[in-house]
Amino acid sequence: MLDLDGLKQINDTLGHAAGDNAITTASDIWQLHMRSGDLLARLGGDEFGLILPACDTDDAHDLLERLRSAADGPSVSCGLARLEPDDTPEELTDRADLALNEAKRRGRDQVVRSS
């Protein structure tokens with residue numbers, strides 16, 4: 001999961017058009033760094049989900065670091081979770097969300113792996 005840090009502040013100070021532009025710009029830049037077959041989806045507000053098929057955790061971490069660094073605008077916090085054999089989609093999402101919340105708790109603008 002990826003989160004544009006400070007999007008609410010952009011919306012509040014510069015207006016929703018500026019916030020929409022930040023979202024569009026970030027997602028366009030991220031698409032340039034993704035592999036064919038990777039899927040990026042806006043989950044709502046400032047949060048995005050990213051599915052990386054056939055990608056190990058180290059490579060996923062490296063990609064998230066590249067996406068975080070490439071963002072032009074607000075900083076980006078990321079939560080990384082690996083799909084386990086018996087996971088439901090909800091369990092995977094919950095672990096990624098917990099890791100994302102930990103990234104925010106630690107000061108934002110970083111990638112945190114789920115434990």
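- Separating the CD1 atom in I29 from the CZ atom in R66 is a distance of 14.5 Å, to the nearest 0.5 Å.
- In this structure the side chain of C55 never reaches within 4.5 angstrom of the side chain of L63, judged on heavy atoms.
- Q9 is linked by a side chain to side chain contact (heavy atoms under 4.5 Å, CB included) to T13, counting only residues two or more places apart in sequence or in another chain.
- Both L2 and L52 belong to a single network of hydrophobic side chains, linked directly or stepwise wherever heavy atoms of I, L, V, M, F, W or Y lie under 4.5 Å apart.
- Applying the salt bridge (charged side-chain N to carboxylate O under 4.0 Å, His left out) criterion to D59, with sequence neighbours excluded, gives no partner residue.
- When the side chain to side chain contact (heavy atoms under 4.5 Å, CB included) test is applied to A103, the partners found at least two apart in sequence or on another chain are S77, Q110, V112.
- With respect to the salt-bridge test (charged N to carboxylate O, under 4.0 angstrom), the residues K8 and D12 qualify.
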For a quick test of your reading: what N or O donor-acceptor pairs under 3.5 Å do the side chains of residues 38-45 make, sequence neighbours left out?
| residue | atom | partner | partner atom | Å |
| --- | --- | --- | --- | --- |
| D38 | OD1 | R35 | NE | 3.1 |
| D38 | OD1 | R35 | NH2 | 2.7 |
| D38 | OD2 | R35 | N | 2.9 |
| D38 | OD2 | R35 | NE | 3.2 |
| R42 | NE | G45 | O | 3.0 |
| R42 | NH2 | G45 | O | 2.9 |

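- Put simply, F48 and M34 are part of the same group of oily side chains (I, L, V, M, F, W, Y) that touch within less than 4.5 Å, one to the next.
- Take D58 and apply the salt bridge (charged side-chain N to carboxylate O under 4.0 Å, His left out) test, not counting sequence neighbours, and it matches R113.
- Listed by chain and residue number, R68 satisfy the salt bridge (charged side-chain N to carboxylate O under 4.0 Å, His left out) test with E65 (two or more places apart in sequence, or in another chain).
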Residues D56, R82; criterion salt bridge (Lys or Arg N to Asp or Glu O under 4.0 Å); working and verdict: CA-CA 8 Å; D56 68 31; R82 180 179 185 276; over 6 Å; no

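- Two different hydrophobic clusters hold V111 and L100 under the rule that ILVMFWY side chains link at heavy-atom gaps under 4.5 Å.
- If you run side-chain hydrogen bond (donor to acceptor under 3.5 Å, both in side chains) between K104 and each of D109, D5, D3, only D3 comes through.
- In plain terms, the two heavy atoms of A81 and A96 that are nearest each other are CB-N, 3.6 Å.
- Residues M1 and V76 are members of separate hydrophobic clusters, defined by side-chain heavy-atom contacts under 4.5 angstrom among Ile, Leu, Val, Met, Phe, Trp and Tyr.
- Contact record, P74 with I10: CG-CD1, 3.9 Å, taken as the closest heavy-atom pair.
- Judged purely by atom type and a 3.5 angstrom limit, S27 uses its side chain to pair as donor or acceptor with the backbone of T24.
- One distance of note links CG of L92 with CG of D97; it measures 11.0 Å at 0.5 Å rounding.
- Although no hydrogens or angles enter the test, the distance criterion places no donor-acceptor pair under 3.5 Å between the side chain of D94 and the main chain of E91.
- Here SG of C78 is found 7.0 Å from CG of L67. Values are rounded to the nearest 0.5 Å.
- Nearest heavy atom pair, residue A22 against residue L4, reads O-CD1, 4.1 Å.
- Note: the hydrophobic cluster containing I23 also contains L50 (ILVMFWY, side chain heavy atoms under 4.5 Å, direct or indirect links).
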